[in-house]
Amino acid sequence: MIATFINAIAVIIGAFLGLFFKSKIKKDFEEIVMTSSGLITLVLGLGMASGSPDTLSSLFALILGGFAGSALRIEDRVLSIGNKFSKDGDDSSFGIAFLNSSLLFCSGAMSIVGSINAGTLGDYELILIKSVMDGFMAIVFTSAYGKGVFLSAATIIVYQGFFTLAGAYISPVLGDDGIAIISAVGGYLLIMLSLSLLNLKKVKTGNFLPALIFAPVLLYLFSFLSI
């Protein structure tokens with residue numbers, strides 16, 4: 001768990017720096033920060049999505065995940081949880097910052113593979129590299145959205161902590177392709193997020209989170225049916 005805590009601390013430090021810069025950034029430059037973060041998120045998402053071992057499984061995972069997430073109103077519920085930590089209690093930007101930054105920091109393969117390596121092999125290298133990347137992105141996201149990014153550190157601890165502690169059991173089940181397709185679907189989620197950041201289309205990205213669960217299951221089913 002040491003590597004996961006380091007990752008969370010890196011995000012907190014980045015968020016503090018982001019708050020400092022946010023207070024120095026004039027309103028005229030806020031669009032520049034938003035556009036920059038949107039483009040970075042888009043490039044990251046495209047890179048991850050291109051690594052899908054099976055596009056059909058990714059497609060059906062997104063469709064089924066979207067249906068399930070919409071029925072469960074996942075995004076609305078996550079936003080309400082985030083807003084409860086806001087001083088005002090109804091500050092929607094706080095919840096959005098929490099949701100978007102949590103998606104960004106936990107959707108990649110580095111979160112899963114790095115956590116498994118740290119828990120089973122004692123190899124912290126991937127998580128340490130990710131920590132540096134997340135710290136810089138926390139600066140940008142906090143400058144764009146505000147204090148809600150701090151709360152995403154808790155998401156990192158829970159999500160990556162799970163894979164760290166259970167990695168020895170999960171890794172053999174998922175396999176390389178299973179981890180790859182989770183990362184690819186996470187990439188599609190980042191692309192959705194970038195569309196919102198760039199004001200191209202408002203997408204309730206949080207409602208697609210169940211796709212991360214559907215993806216490896218569908219990959220296994222389709223490979224089984226093709227035999």
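Values below: every heavy atom of this structure, side chains too, minus hydrogens, waters and symmetry copies.
Atom-to-atom distance recorded for Ile116:CD1 and Leu165:CG is 11.5 Å, nearest 0.5 angstrom. Atom CG in Asp54 sits 10.0 Å away from atom CG in Leu59 (nearest 0.5 Å). One finds the CZ atom of Phe214 at 12.0 Å from the CG atom of Leu209 (value rounded to the nearest 0.5 Å). The distance from the CE atom of Met133 to the CZ atom of Phe105 is 10.5 Å, given to the nearest 0.5 Å. Taking CD1 from Ile96 and CG from Leu99, the interatomic distance works out to 8.5 Å, rounded to the nearest 0.5 Å. In this structure, Ser152 OG and Leu104 CG are separated by 8.5 Å, a value rounded to the nearest 0.5 Å.
With hydrogens and angles ignored, the 3.5 Å screen pairs no side-chain donor or acceptor of Ser183 with any backbone N or O of Ile179. In this structure a side-chain-to-backbone donor-acceptor pair under 3.5 Å is missing from Ser52 to Ala49. Under a 3.5 Å cut-off, the side chain of Gln160 and the backbone N or O of Cys106 do not form any donor-acceptor pair. In this structure, Asn207 contributes its side chain and Ile74 its backbone to a donor-acceptor pair below 3.5 Å. One N or O on the side chain of Ser223 and one on the backbone of Tyr220 form a donor-acceptor pair closer than 3.5 Å.
Among pairs with a residue in residues 127-145, those fulfilling salt bridge (charged side-chain N to carboxylate O under 4.0 Å, His left out) read Lys130-Asp134, at least two apart in sequence or across chains.
Under the 4.5 Å side-chain criterion, counting only non-hydrogen atoms from C-beta, Val149 is not in contact with Phe98. Looking at heavy atoms from C-beta onward, Ile127 lies out of side-chain contact with Phe5 at the 4.5 angstrom threshold. Under the 4.5 Å side-chain criterion, counting only non-hydrogen atoms from C-beta, Leu151 is in contact with Phe94.
The hydrophobic cluster of Val43 has no other members, since no ILVMFWY side-chain heavy atom comes under 4.5 Å of it. As a member of the Ile/Leu/Val/Met/Phe/Trp/Tyr network built from side-chain separations under 4.5 Å, Leu128 groups with Ile2, Ile6, Tyr124. In this structure, Leu19 belongs to a hydrophobic cluster whose other members, linked by side-chain heavy atoms under 4.5 Å apart, are Ile12, Phe16, Phe150.
Every side-chain hydrogen bond (donor to acceptor under 3.5 Å, both in side chains) that Ser102 has, sequence neighbours left out, goes to Thr155.
Within 6.0 Å of CG in Asp176 there are 12 or fewer heavy atoms belonging to other residues, nucleotides or ligands.
Nearest heavy atoms, Phe21 versus Ser143: CB-OG, 4.0 Å.
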Sequence neighbours left out, cut at 3.5 Å: what donor-acceptor pairs do the side chains of residues 184-204 make with other protein atoms?
residue	atom	partner	partner atom	Å
Ser194	OG	Ile191	O	2.6
Ser196	OG	Lys201	O	3.4
Ser196	OG	Val203	N	3.3

